[in-house]
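Read the structure below first, then the notes.
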Amino acid sequence: MPIKEFESRCDRHAARIVSKDKGNPQYHRGNNVAGAYVTHYKVDGVIIKTGNRCDYLLMNEDVRNAYLIELKGSDLVKAAEQLEATEQILGSELSGYRVHYRIVANKCKTQEIRSSAYRKYQIRWKGRLVQRTRFIEEPI
């Protein structure tokens, strides 16, 4: 169900949904190959104005998948914390959805990817966390 009081940033059956911040090279592109009913929201500064929060929320309303998207310079642990905080704040809106976590970083150091602090999120979110450098493009 679309988030009440907020307008989706994309058309109802948009073929491609891009999450990108002005001035930053990293982006997430969701390809709506089935022509599903989708909604897309800017979270940071629009839905959630203070505290930890991710950048975007992309929802496939037909199959009930929600993608929390964080576009980050390099701090993966901070990005995971922002995703987790957003999920907690939007808990009632995300109820009934399978939540997926996406981190698109500008650069990542190997030691950060393998850090115990970041590993705990990888283990907890078992395959629902995808982290890439520069961009993620995926069917939604």
Side-chain angles (χ1 to χ4, degrees):
M1 166 184 269
I3 297 180
K4 295 175 185 150
E5 301 175 23
F6 295 99
E7 189 173 329
S8 174
R9 298 171 50 99
C10 70
D11 292 333
R12 192 176 181 103
H13 298 283
R16 285 194 180 119
I17 304 95
V18 178
S19 303
K20 183 174 182 358
D21 288 336
K22 207 174 219 180
N24 292 325
Q26 59 271 33
Y27 66 91
H28 176 276
R29 180 181 297 148
N31 294 316
N32 185 7
V33 293
Y37 172 26
V38 292
T39 54
H40 184 228
Y41 303 96
K42 175 81 171 147
V43 175
D44 187 2
V46 177
I47 295 176
I48 304 172
K49 296 187 191 260
T50 61
N52 270 347
R53 69 258 188 203
C54 70
D55 293 312
Y56 292 94
L57 169 62
L58 173 58
M59 302 169 85
N60 182 323
E61 304 292 348
D62 289 349
V63 296
R64 313 277 298 167
N65 280 331
Y67 299 83
L68 293 171
I69 302 163
E70 176 60 25
L71 308 174
K72 201 70 174 164
S74 63
D75 191 343
L76 297 180
V77 173
K78 176 70 172 167
E81 290 170 353
Q82 290 174 270
L83 293 170
E84 185 173 57
T86 302
E87 182 179 22
Q88 289 172 356
I89 293 167
L90 298 179
S92 61
E93 287 86 353
L94 297 175
S95 178
Y97 287 82
R98 178 153 171 84
V99 179
H100 303 271
Y101 311 92
R102 302 297 185 253
I103 299 172
V104 185
N106 194 26
K107 59 185 174 184
C108 292
K109 296 178 181 170
T110 303
Q111 61 266 32
E112 187 175 11
I113 294 169
R114 294 183 179 160
S115 73
S116 61
Y118 185 64
R119 269 306 278 147
K120 77 177 184 181
Y121 291 105
Q122 291 173 315
I123 292 165
R124 184 181 318 144
W125 293 337
K126 294 180 191 154
R128 294 184 297 143
L129 171 63
V130 174
Q131 177 274 316
R132 298 277 187 275
T133 304
R134 293 186 300 235
F135 71 92
I136 294 175
E137 186 167 350
E138 64 183 329
I140 55 148

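Only heavy atoms go into these numbers, but all of them, side chains included; no hydrogens, no water, no symmetry mates.
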- request: Find out if a path of hydrophobic residues (ILVMFWY) with successive side-chain heavy-atom gaps under 4.5 Å connects Val46 to Leu68.
  value: yes
- prompt: Short question: side chain of Arg134, backbone of Arg132 - any donor-acceptor pair under 3.5 Å?
  reply: no
message: Applying side-chain contact (heavy atoms from CB on, under 4.5 Å) to Arg53 and Ile89, what does each step give before you reach the verdict?
response: CA-CA 9 Å; Arg53 69 258 188 203; Ile89 293 167; 5.5 Å; no
Heavy-atom check, side chain of Ile48 versus side chain of Leu90, under 4.5 Å: yes
task: Could you state whether Val99 and Leu57 fall into the same hydrophobic cluster, counting links through intermediate Ile, Leu, Val, Met, Phe, Trp or Tyr residues with side-chain heavy atoms under 4.5 angstrom apart?
output: yes
query: Is there a side-chain contact between Leu71 and Tyr56, using heavy atoms and a 4.5 Å cut-off?
result: yes
- request: Please examine the side chains of Lys42 and Asp21, heavy atoms only from C-beta on, and report whether any two atoms are closer than 4.5 Å.
  value: yes
- request: Using atom types as modelled and distance alone, determine if a side-chain donor or acceptor of Tyr41 lies under 3.5 Å from a backbone N or O of Ile3.
  value: yes
message: Quick check against the 3.5 Å criterion: does Lys78 have a side-chain atom that pairs as donor or acceptor with the backbone of Gln82?
response: no
query: Are the side chain of Glu61 and the backbone N or O of Val38 linked by a donor-acceptor pair below 3.5 Å?
result: no
field: Minimum heavy-atom distance Ala105-Gln131, with the two atoms named
entry: CB-NE2, 4.3 Å
- prompt: In terms of the angle between their ring planes, are His100 and Tyr67 parallel, tilted or perpendicular, with boundaries placed at 30° and 60°?
  reply: parallel
message: Would the distance check show the side chain of Arg102 and the main-chain N or O of Arg128 forming a donor-acceptor pair, the cut-off being under 3.5 Å?
response: yes
message: Grouping I, L, V, M, F, W and Y whenever their side-chain heavy atoms are under 4.5 Å apart, do Val43 and Val104 come out in a common cluster?
response: no
task: Taking the side chain as every heavy atom from C-beta outward, state whether Leu83 and Tyr121 have any atom pair closer than 4.5 Å.
output: no
statement: Smallest heavy-atom separation, Cys10 atom then Ile17 atom, equals SG-CG1, 4.1 Å
statement: Closest non-hydrogen contact found for Val77 with Ala117 is CG2-CB, 3.8 Å
- request: Indicate yes or no: at least one non-hydrogen side-chain atom of Phe135 is less than 4.5 angstrom from one of His28.
  value: no
field: Short side-chain donor-acceptor distance under 3.5 Å, Asn60 and Tyr97
entry: no
- request: Evaluate the side-chain contact (heavy atoms from CB on, under 4.5 Å) criterion for residues Leu76 and Ile103: first the C-alpha distance (whole Å), next the side-chain angles of each, then the deciding distance (0.1 Å), finally the verdict.
  value: CA-CA 8 Å; Leu76 297 180; Ile103 299 172; 3.8 Å; yes
- prompt: Heavy-atom distance under 4.5 Å between the side chains of Asn106 and Asn24, does that happen here?
  reply: no
field: Test item: Met59 and Leu94 side chains (from C-beta on) under 4.5 Å apart, heavy atoms
entry: yes
- request: Would you mind reporting whether Tyr118 and Leu129 have side-chain heavy atoms less than 4.5 Å apart?
  value: yes
- prompt: Quick check: does any side chain N or O of Glu70 sit under 3.5 Å from a backbone N or O of Ala80, one acting as donor and the other as acceptor?
  reply: no
message: Show the nearest heavy-atom pair for residues Val33 and Pro139, with the distance to one decimal.
response: CG2-CB, 4.3 Å
field: Contact summary for Arg64 and Ser95, nearest pair of heavy atoms
entry: NH2-O, 3.6 Å
- request: Measure from the side-chain N and O atoms of Asn52 to the backbone N and O of Ala85, and report whether any donor-acceptor pair falls under 3.5 Å.
  value: no
message: Test your reading of the model: is there a side-chain donor-acceptor pair from Asp55 to the backbone of Asp44, 3.5 Å cut-off?
response: no
task: Identify the heavy atoms of Ser8 and His40 that sit nearest to each other, and give their distance.
output: OG-N, 3.0 Å
query: If you draw the axis of the six-membered ring of Tyr37, does the NZ or CZ of Arg12 fall within 45° of it and under 6.0 Å from the ring centre?
result: yes
- prompt: How long is the span from the SG atom in Cys54 to the CD atom in Glu84, to the nearest 0.5 Å?
  reply: 12.0 Å
